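Take a look at the structure set out below.
Chain naming here is simple, since letters A, B, ... match the order of the sequence lines and numbering starts at 1 in each. All figures in this text were calculated on a predicted structure; none of them were measured in a lab.
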There are 2 protein chains.
Amino acid sequence: MPIGLALARSAKTVSRAFDDALAAAGGSLPSWLILISLKTRAHANQRELAAAIGIQGATLTHHLNAMESAGLLVRRRDPANRRVHQVTMTDEGERLFHRLRRAATDFDRQLRAGLDDGDLDALTRMLGTLAGNVATEAADPTDTFPNPAAAH
Amino acid sequence: MPIGLALARSAKTVSRAFDDALAAAGGSLPSWLILISLKTRAHANQRELAAAIGIQGATLTHHLNAMESAGLLVRRRDPANRRVHQVTMTDEGERLFHRLRRAATDFDRQLRAGLDDGDLDALTRMLGTLAGNVATEAADPTDTFPNPAAAH
DNA sequence: GGCTAATCGTTAGAGGTCTAACGTTTGTCT
DNA sequence: AGACAAACGTTAGACCTCTAACGATTAGCC
């Protein structure tokens, strides 16, 4: 099996399982990624938030629409620049965040079973090599993704 | 960054790049996977073809509809069992297959640059560990995916 | 042979994603 | 101040994917 297909398949298996775990806790992968990004640091605008999550702005708009309708967050125009939305989490969003964080850390522990730190370092490096081998100039910067355990 | 997210991100980068390479050759990732599966061996029915590709039957129907409309393949009811479709590639499908195979092998070479056989074996094993850690009983069997260079 | 359960491919609807284009607002230059 | 380009979030449409339900056909049992 070509390594690209092995990668795609295992990623699909893992992502679906993660999404199922988050769904059982009342959320979804996109809503988890949005909540944890909001929780971890302020973002200058939605475009920056979308970049942190790894999706396009239009996709983020759709998710934010759903989450605002569900009462998880609110969007307000920034008085200093009316093109910009400030996105803030509601109390309900806060509660969902805590439930999803639990699910995410449990899932991460299960996912890493049988792999030690050396394995994970090697895996991360090789994944980076693969992505770097095919990335165009507009590659993703080595953004430090927030660790669920560090978000408070 | 949690390993699950690193996996999802690099898989997304690689898959998009592969899809772009196939698009430049006149195809797409799903059409490539369908053509190479048809080329490699006969499948008892569409469900088996879908499983070999790693998608659901409904998804395959949509792709086959598009590819049959484009003149790449035809579906005929099996006289021995009229629930079953036999899917066969047309000459046009054959020509597209050869173009996409070139693109796929070029892409695979680029993707593996800087990784030796030991690296790739370790990577494949670790990807399998991750998927195995989260898979349910209905896990994917270790199906041998066709190698583009072996398809004739 | 008749009945029922299983199989097969399809349809309908929903979720997530992307690109291109749009209207509004701000920044820059003269 | 005015004109134009850039930035921002949104809209519309298309692609890929899945689940659930459906109609047609076959297999198995009595």
Dot-bracket for DNA chain D, 5' to 3', with Watson-Crick and G-U pairs under 3.5 Å, [ ] for crossing pairs and | for other-strand pairs: what is it?
||||||||||||||||||||||||||||||
Under 4.0 Å: is that the gap between some side-chain N or O of T59(B) and OP1 or OP2 of dC16(D)?
no
Could you check which of dT26(D), dC18(C), dA12(C) has an atom nearest any side-chain atom of H62(A)?
dC18(C)
Atom pairs, protein N/O to nucleotides 5-9 of chain C N/O, distance under 3.5 Å:
unit_1 : atom_1 : unit_2 : atom_2 : d
dT7(C) : O4'    : R83(B) : NH1    : 3.3
dT7(C) : O2     : R83(B) : NH1    : 3.0
dC8(C) : OP1    : N45(B) : ND2    : 3.0
dC8(C) : O3'    : R83(B) : O      : 3.2
dG9(C) : OP1    : Q46(B) : N      : 2.7
dG9(C) : OP1    : H85(B) : N      : 3.4
dG9(C) : OP2    : Q46(B) : N      : 3.4
dG9(C) : OP2    : R47(B) : N      : 3.0
dG9(C) : O3'    : H85(B) : ND1    : 3.3

Round to a whole Å and report the spacing from CG of D19(A) to P of dT17(D).
16 Å
Quick check: are there more than 12 heavy atoms from other residues, nucleotides or ligands sitting under 6.0 Å from CG of D116(B)?
yes
Any sub-3.5 Å donor-acceptor pair from N45(B)'s side-chain atoms to V84(B)'s backbone N or O?
no
D19(A) and R16(A): CA distance, side-chain angles, deciding distance, salt bridge (charged side-chain N to carboxylate O under 4.0 Å, His left out) verdict:
CA-CA 5 Å; D19(A) 198 56; R16(A) 277 192 56 89; over 6 Å; no
Within residues 63-72 of chain B, those residues having any heavy atom closer than 4.0 Å to DNA chain C are none
Should R112(B) and I3(A) count as side-chain neighbours, where that means a heavy-atom distance under 4.5 Å?
yes
Got a donor-acceptor contact below 3.5 angstrom from the T90(B) side chain to the L72(B) backbone?
yes
Given 3.5 Å as the limit, does a donor-acceptor pair link the side chain of H43(B) with the main chain of R41(B), or not?
yes
Crowded around R102(A) CZ? As in, over 12 foreign heavy atoms under 6.0 Å?
no
For R77(B), does the CZ atom have more than 12 heavy-atom neighbours from other residues, nucleotides or ligands under 6.0 Å away?
yes
Contacts of P79(B) and S28(B) projected onto DNA chain D by closest heavy atom; the upstream (5') one is S28(B)
Side-chain contact test, heavy atoms from C-beta onward, threshold under 4.5 Å: evaluate it for F107(A) versus V14(A) and give yes or no.
yes
Report yes if the side chains of M89(A) and L96(A) come closer than 4.5 Å at any heavy-atom pair, otherwise no.
no
The nucleotide from dA20(D), dT26(D), dC18(C) with an atom nearest the side chain of I55(A) is dC18(C)
Expected output: side-chain Q46(A) to main-chain L60(A) donor-acceptor under 3.5 Å
no
